[in-house]
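Take a look at the structure below.
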Amino acid sequence: MPIITLPDGNNLDFPKKVTGLEIAEKISKSLAKQALIMSVNGELKDLYFLIDKDCSVKIFTAKDPEGLEVIRHDAAHIMAMAVQELYPGTQVTIGPVIENGFYYDFARKEPFTDDDLNKIEERMSEIVDKDLKTRREVWQRDKAIRHFKEIGEKYKAEIIESIPETEELSVYHHGDTWYDLCRGPHLVSSSKIGKAFKLTKVSGAYWRGDSKNEMLQRIYGTSWASQKDLDDYLKRIEEAEKRDHRKLGKEMDLFHFREESPGSVFWHEKGWTLFQKLINYMRAKQDLAGYKEVNTPEVLDRLLWEKSGHWEKYGENMYTSETPDEKVFAIKPMNCPGHIQVFNQGLKSYRDLPLRITEFGKVHRYEPSGALHGLLRVRAFTQDDAHIFCSESQITSECLNVTNLILEIYKDLGFEKVIIKYADRPEIRVGEDKVWDKAETSLLEAVKATKLEYSINKGEGAFYGPKIEFVLRDAIGRDWQCGTLQVDLNLPGRLDASYIDKDGTKKVPVMLHRALFGSLERFIGILIEHYAGKFPFWISPLQTVVIPVSEDFNDYAVSIYKKVKDAGISSTVDLKKHNLNYKIRDHSLSKIPLLLICGKKEVDSNSVTIRRLDSNKQENMDINNFLKKYSALNKPSSK
RNA sequence: GCCCUUGUAGCUCAGCUGGUAGAGCAAUUGAUUUGUAAUCAAUAGGUCCGCGGUUCGAAUCCGUGCGGGGGCACCA
């Protein structure tokens with residue numbers, strides 16, 4: 001005689017054991033129709049699960065995240081079923097729900113083609129139409145292993161072997177012919193998935209995510225509560241593609257890549273201007289924050305890298321070069337050893353600390369070819385790098401300074417939301433555990449003091465110390481890791497850095513590594529996508545184009561162009577033999593914030609007519625007023 | 001690095017089952033002198049990514065290398 005407590009606090013009394021479906025029916029006919037899954041005392045259960053005790057129950061529909069998740073999970077199963085029906089001999093492995101959809105990994109010799117994807121989709125659709133009933137069975141462990149081995153599903157057998165013996169093994173049947181080992185829960189029948197799904201792509205994926213294992217074929221799909229949700233999702237993907245920095249970079253003539261140097265950027269004038277603007281902005285910020293800018297060699301003797309530990313720990317990612325005198329040099333993958341050498345030059349006292357050394361250093365890292373991705377993952381990039389040499393007692397306050405600086409900078413560039421990820425000691429590392437203890441405690445203390453949201457990444461720290469990473473969220477909700485702050489109690493000692501303390505004894509300084517943009521290249525890629533190429537006026541690489549209405553006004557246009565440039569606003573004048581409409585379209589497409597139109601009216605009144613990007617409103621302005629207004633907007637916080 | 005996929009003019013792309021290339025835009029030249037998102041015409045432009053093979057004949061088929069894309073792994 002279970003008494004069921006509903007989320008609103010009401011109780012339902014049943015005379016006998018009851019299923020979720022019966023509870024839903026009791027509440028309302030429409031809920032029964034929409035019900036997908038339920039939770040019993042907070043635990044998700046199949047709707048046909050028999051409840052025999054008092055408990056609290058919540059019914060979920062497609063409107064709930066829990067409901068949508070089960071739809072996706074079932075879609076993964078139905079996809080696996082369709083695949084095994086169409087391609088006998090294919091082995092199933094795992095098929096979890098992911099953000100916006102699901103995937104399933106299969107073991108099959110022949111690759112799945114796009115055409116196969118269509119066929120699978122059609123078959124899935126048929127399975128949904130058949131409305132196959134779902135049935136859960138609990139299997140005995142040994143029997144399950146033996147069974148899956150017998151039918152040639154060696155991956156499933158391996159999965160079962162890795163499940164703790166205490167756990168119940170459940171097998172879900174969808175209809176009479178197909179079943180899969182699965183924790184569940186699942187929908188009551190296949191029609192509940194609906195038709196708002198789509199298979200999106202095939203890719204390779206290592207068994208158990210380990211590159212030492214064989215590669216399986218992963219089919220990705222997306223699935224939603226309604227066709228409208230699916231359409232909206234596909235639309236969002238399309239919008240994101242329009243912002244792709246590789247596409248915009250070409251269209252806006254910012255940079256290009258080519259075969260001779262994969263993963264290295266050929267910056268064009270406009271892209272490089274943007275690059276320099278960001279550096280100059282950062283330079284001014286850092287100057288105010290007490291940093292000293294330096295520059296150190298890009299090529300350094302192998303002996304230094306051996307001493308620092310990079311040769312051993314990072315060697316396979318380093319470019320090297322042998323010179324005619326048979327010495328081996330490495331092209332720097334990081335700036336730290338160079339900065340320690342700057343610190344080491346001349347005797348340092350505790351009065352010099354904290355010493356904040358910064359460099360816009362270009363580093364080279366031999367990244368795996370498959371990792372390269374436009375500006376976001378390159379092999380040669382410029383860091384806004386800095387190393388802060390300080391005493392142990394200064395760690396926390398210096399970390400806080402860095403955090404404050406980073407938040408200010410992200411805000412100026414249009415990113416309001418920032419999250420912190422804290423990463424502690426990795427398995428491969430240098431230094432004693434005692435030292436690590438100290439470093440981790442100090443950094444975590446600083447993280448807590450920022451009062452920002454943070455998560456912990458176990459074992460993901462740098463080989464020389466724990467780190468935090470700053471993650472920012474862009475205009476369309478994607479997260480990007482940019483800045484980093486690392487505490488290092490190892491490298492300074494390895495490279496013999498020391499200072500004379502108050503008491504006259506020699507001490508090894510603590511070093512903090514930090515980068516705010518991280519990689520300038522990557523940050524620019526993110527900026528392009530964040531703004532969809534429509535940069536705020538102050539960082540726009542080309543702020544204005546002066547356009548004469550006809551050739552008769554070329555001289556006036558040139559004179560305006562000169563005045564605008566003199567006022568520190570970047571500009572070009574378009575004297576090409578095209579008409580006004582053509583030029584407006586041309587420069588609008590290359591996302592110039594302001595077009596300055598000059599014709600008879602403007603000549604007569606010594607003015608320009610402004611046309612802003614994405615607006616067809618015209619605004620006439622006296623040229624001196626224009627110069628005054630817009631040269632004042634040439635700094636952050638101006639949109 | 002691994003799996004799949006892809007590489008034709010400066011750009012975007014067409015070129016069916018093998019018969020040595022085509023469009024639009026851009027460029028150049030000429031005409032037009034234009035008031036807010038493409039004026040008209042003519043001209044020029046290609047080792048069809050590289051190398052090897054099959055074939056009477058390869059942009060097309062096969063092999064291989066390099067680059068790009070989507071994932072996986074990697075991201076100190």
Side-chain angles (χ1 to χ4, degrees), chain A residues 103 105 108 110-114 116-117 200-220 241 244 246-247 250-251 253 256-263 308-310 312-318 333-334 336 363 365-374 376-379 423 426-430 460-465 467 469 481 484 486 488 491 513 518-519 522 547-554 576-590 595-602 609-620:
Chain A
Y103 67 76
D105 286 348
R108 174 178 182 242
E110 301 73 35
F112 291 112
T113 63
D114 284 350
D116 291 335
L117 246 50
T200 49
K201 57 198 168 199
V202 200
S203 83
Y206 296 108
W207 166 235
R208 304 221 140 151
D210 189 334
S211 59
K212 287 196 272 300
N213 290 341
E214 60 273 36
M215 187 153 272
L216 307 170
Q217 292 190 68
R218 174 172 298 177
I219 302 181
Y220 284 92
E241 275 167 13
D244 192 311
R246 291 166 299 188
K247 182 171 168 280
K250 204 182 272 176
E251 283 172 14
D253 192 20
H256 84 275
F257 289 92
R258 53 174 56 236
E259 278 194 31
E260 295 98 349
S261 188
S308 71
H310 285 86
E312 190 200 345
K313 297 283 188 299
Y314 198 64
E316 59 185 35
N317 288 300
M318 285 162 69
M334 301 184 201
C336 7
V363 295
R365 301 177 182 182
Y366 185 76
E367 301 286 357
S369 58
L372 302 180
H373 183 93
L376 301 181
R377 190 82 180 269
V378 286
R379 283 180 174 159
E427 268 177 40
I428 300 176
R429 58 176 183 263
V430 293
E460 307 249 312
F463 71 78
Y464 43 70
K467 67 177 178 184
E469 284 167 350
Q481 190 238 301
T484 173
Q486 305 164 6
D488 184 348
L491 264 189
H513 305 238
S519 141
R522 178 177 156 83
I547 306 176
V549 168
S550 78
E551 274 175 24
D552 294 344
F553 310 105
N554 278 2
K576 285 197 292 280
K577 290 178 70 177
H578 279 124
N579 64 24
L580 182 60
N581 280 335
Y582 182 93
K583 291 181 183 180
I584 285 174
R585 180 181 150 83
D586 190 31
H587 299 299
S588 296
L589 286 175
S590 55
L595 301 182
L596 307 178
I597 316 294
C598 301
K600 181 160 192 318
K601 195 169 79 188
E602 289 74 18
T609 295
I610 303 167
R611 184 193 161 107
R612 290 186 178 76
L613 184 58
D614 279 342
S615 159
N616 50 16
K617 281 206 202 103
Q618 299 171 37
E619 184 188 353
N620 187 264

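Chain identifiers are assigned alphabetically (A, B, ...) following the order of the sequence lines, protein sequences preceding nucleic acid strands; residue numbering begins at 1 within each chain. Keep in mind that what you see is a predicted model, and the values were worked out from it rather than measured.
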Expressed as a whole number of Å, how far does the [atom1] atom of [N] sit from that of [M]?
N     : M     : atom1 : answer
B/G15 : B/U60 : C1'   : 9 Å
B/C2  : B/C48 : P     : 29 Å
B/G18 : B/G57 : P     : 15 Å
B/A59 : B/G19 : P     : 10 Å
B/U32 : B/G70 : P     : 49 Å
B/U8  : B/G45 : C1'   : 14 Å
B/C49 : B/C56 : P     : 25 Å
B/G1  : B/A26 : P     : 40 Å

Practice problem: Could you please spell out the steps behind the side chain to side chain contact (heavy atoms under 4.5 Å, CB included) verdict for A/R379 and A/L372? | Solution: CA-CA 8 Å; A/R379 283 180 174 159; A/L372 302 180; 3.7 Å; yes
Mind checking [X] for me? I need base, sugar-phosphate or nothing, with any heavy atom below 4.0 Å counting as a touch.
X      : answer
A/P333 : base
A/F112 : nothing
A/K247 : nothing
A/S211 : sugar-phosphate
A/Y582 : sugar-phosphate
A/L595 : nothing
A/P262 : sugar-phosphate
A/T609 : base

When you measure from the side-chain N and O atoms of [X] to the phosphate of [N], is any distance below 4.0 Å, counting only OP1 and OP2?
X      : N     : answer
A/K201 : B/G71 : yes
A/K250 : B/G10 : no
A/R611 : B/A37 : yes
A/S369 : B/G1  : yes
A/N581 : B/U36 : no
A/R218 : B/A73 : no
A/H373 : B/G70 : yes
A/R246 : B/G69 : yes

Atom pair distance, as rounded to whole Å: [atom1] in [X] and [atom2] in [N]:
X      : N     : atom1 : atom2 : result
A/E619 : B/G35 : CD    : P     : 21 Å
A/E367 : B/G67 : CD    : P     : 15 Å
A/W207 : B/A73 : CH2   : P     : 14 Å
A/N554 : B/U34 : CG    : C1'   : 12 Å
A/F257 : B/U6  : CZ    : P     : 23 Å
A/N620 : B/U36 : CG    : C1'   : 13 Å
A/D210 : B/A73 : CG    : P     : 10 Å
A/N317 : B/C75 : CG    : P     : 9 Å

Practice problem: Considering only NZ, NE, NH1 and NH2 on the basic side and carboxylate oxygens on the acidic side, decide whether A/R246 and A/D244 come within less than 4.0 Å. | Solution: yes
Quiz item: So, are A/R612 and A/E619 salt-bridged, with charged N and O less than 4.0 Å apart?
Solution: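 Looking at A/R612 and A/E619, the cut-off is met.
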With a 3.5 Å limit on both atom pairs, tell me what [N] is paired to, counting Watson-Crick and G-U wobble, or say none.
N     : answer
B/A27 : B/U43
B/U20 : none
B/C72 : B/G1
B/U55 : none

State whether the distance check finds a donor on one side and an acceptor on the other, under 3.5 Å, for side chain [X] versus base [N].
X      : N     : value
A/Y206 : B/G1  : yes
A/R377 : B/C74 : yes
A/E602 : B/G35 : yes

Closest to the [X] side chain: [options]?
X      : options             : answer
A/M215 : B/C72, B/A73, B/U34 : B/C72
A/E551 : B/G35, B/U33, B/A27 : B/U33
A/K577 : B/U32, B/C74, B/C66 : B/U32
A/S550 : B/G35, B/U39, B/U33 : B/U33
A/D614 : B/G1, B/G67, B/A37  : B/A37
A/N579 : B/G7, B/U34, B/C72  : B/U34

Are any side-chain N or O atoms of [X] and backbone N or O atoms of [Y], one a donor and one an acceptor, separated by less than 3.5 Å?
X      : Y      : result
A/K576 : A/K583 : no
A/R218 : A/S203 : no
A/Q217 : A/E110 : yes
A/R522 : A/Q481 : yes

Practice problem: Would you indicate whether A/D114, at its atom CG, is surrounded by more than 12 heavy atoms from other residues, nucleotides or ligands within a distance under 6.0 Å? | Solution: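 Not more than 12 within 6.0 Å, no.
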Self-check item: Pair A/R611-A/I547, side chain to side chain contact (heavy atoms under 4.5 Å, CB included): steps then yes or no
Solution: CA-CA 11 Å; A/R611 184 193 161 107; A/I547 306 176; over 6 Å; no
Exercise. For A/K313 and for A/P111, locate the closest nucleotide of RNA chain B by heavy-atom distance; then report the residue assigned to the nucleotide nearer the 5' terminus.
Key: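 By nearest-heavy-atom nucleotide position, the 5'-most residue is A/P111.
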Quiz item: Start at the 5' end of RNA chain B and walk down; is the nucleotide closest to A/R258 or to A/N616 reached first?
Solution: A/N616
Self-check item: Residue that, paired with A/Y464, satisfies side chain to side chain contact (heavy atoms under 4.5 Å, CB included) out of A/Q486, A/K313, A/R429
Solution: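 Of A/Q486, A/K313, A/R429, side chain to side chain contact (heavy atoms under 4.5 Å, CB included) with A/Y464 is met by A/Q486 alone.
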